[in-house]
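Throughout, protein chains are lettered first and strands after them, A, B, ... in sequence-line order, and every chain is numbered starting at 1. Values reported hereafter were calculated over all heavy atoms of this structure, with side chains retained and with hydrogens, waters and symmetry mates removed.
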Protein chains: 2
Amino acid sequence: MRREPAADLGQASNPTDAEALLRDYGCRATRSRVAVLEALLSHDGPIGAAELTELAQAREPSIHEATVYRTIGVLSELGLVNHVHAGHGPSLVRLATNNDLVAVCQDCGKIADVPAAAVAPLIDAVKEDSGFVLEPGHFALEAVCATCLKLR
Amino acid sequence: MRREPAADLGQASNPTDAEALLRDYGCRATRSRVAVLEALLSHDGPIGAAELTELAQAREPSIHEATVYRTIGVLSELGLVNHVHAGHGPSLVRLATNNDLVAVCQDCGKIADVPAAAVAPLIDAVKEDSGFVLEPGHFALEAVCATCLKLR
DNA sequence: ACAGTTTTGCGACCAGCTCGCAAGTAGCGA
DNA sequence: TCGCTACTTGCGAGCTGGTCGCAAAACTGT
């Protein structure tokens, strides 16, 4: 399913790039998909499906929630996007431009990026120990941010 | 809310211990709670709420799903139990006797224990980096087990 | 512009979990 | 041992996040 990207995912943020990107990855560039991808490209960091739907609807009002979920699915199969499970809340979506982890504050929902390098030792330890290979892009680290920690 | 435990949580697995444990922690030892805690004590490792409900119902048939969830809530407030969020599936419950992490295979659901020590460097790195304090008992590490890896 | 296929919008549906309320029960004091 | 009171429970309804099937619409290659 995955093809080689011809465009630079990291830079693409103007309207036409989303369309080109979809085509480069060999999938149909429909209005809905372009709207979702544009929304994603124009947003910084991980985003919930609900918020992403709102952003996409700002560009293409008729777009349906189910379509957004399906689009996330195809983008994810293409390797353009990761979906990150964040505790009991809704899961997050983000561009697959890096393989950093995400830490989520349990109290306020604030998000921090955790460099992939910090997780490497854990990945090795787990593989050694149990043979399990971690998928670090797919889960969030539940945490408490400094601000919320003081309020506890 | 949390009190000092008078009994040894690690060993308690006969019927009367669950009741004593509840009282030691200063909460009412109702039939339902005793059944849930017994089920938990007699089970090895993390368990889903649905399965826990079945086990509890084997001891106390009239027990209701909602009660199990509420009981998990109180045991968790008492510090007897952790609830672990595992990807998109149902969350898991386990005795708070250790602070190891749980790794879950995304393909078959198999569970592996990850010693707390393996996560310590990551905890430090995240705290240093972003000020976030991880809550390692509350999230599962999504992974693929050795067997499923071969089948991919 | 057309045909063939993919994708969409829509509403119904599902799982996991929570809530409000009336009835039931545990635990305390007498 | 008996009552009283407050805490718990069972029950069903309800909520959230996410998925599905289907007919209609849209996209792409020719």
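- Residue B/S62 places no side-chain N or O under 4.0 Å from the OP1 or OP2 atom of D/dT9.
- Under a 3.5 Å cut-off, the side chain of A/R33 and the backbone N or O of A/R28 do form a donor-acceptor pair.
- Rounded to whole Å, the distance from CZ on B/R31 to P on D/dT9 is 12 Å.
- Residue B/Y69 has no polar side-chain atom (N or O) positioned under 4.0 Å from OP1 or OP2 of C/dT18.
- Counting distance only, with no hydrogens placed and no angle test, the side-chain atoms of A/R70 and the base atoms of D/dG18 include no donor-acceptor pair under 3.5 Å.
- Side chain of B/Q57 to backbone of B/I63: a donor-acceptor contact under 3.5 angstrom is found.
- Put simply, B/S32 has a side-chain N or O that comes within less than 4.0 Å of OP1 or OP2 on D/dG10.
- The separation between A/H64 atom NE2 and C/dA12 atom P is 11 Å, rounded to whole Å.
- Between the CZ atom of A/R33 and the C1' atom of D/dA25 there is a distance of 14 Å, given to the nearest Å.
- Note that CG of A/L95 and CG of A/L40 are 4.5 Å apart. Values are rounded to the nearest 0.5 Å.
- Side-chain proximity of A/A29 to the nucleotides D/dT28, C/dT8, C/dC17 is greatest for D/dT28.
- Projected onto DNA chain D by closest heavy-atom contact, B/R28 and A/H88 fall at different nucleotides, the more 5' of which corresponds to B/R28.
- Atom pair B/E65:CD and D/dC15:C1' shows a separation of 14 Å (rounding to whole Å applied).
- Not a single donor-acceptor pair, N or O on each side, falls under 3.5 Å between the base of D/dG29 and the side chain of A/R23.
- An OP1 or OP2 oxygen of D/dG18 is reached within less than 4.0 angstrom by a side-chain nitrogen or oxygen of A/S91.
- When all heavy atoms of A/A29 and A/E19 are compared, the pair lying nearest together is CB-CG, 3.6 Å.
- Spacing between atom NE2 of B/H83 and atom P of C/dG16 amounts to 16 Å, rounded to whole angstrom units.
- Contact annotation: B/T30 does not reach the phosphate of C/dT25 (side-chain N/O to OP1 or OP2, under 4.0 Å).
- Atom CG of B/L22 is separated from atom C1' of C/dG27 by 14 Å (rounded to the nearest Å).
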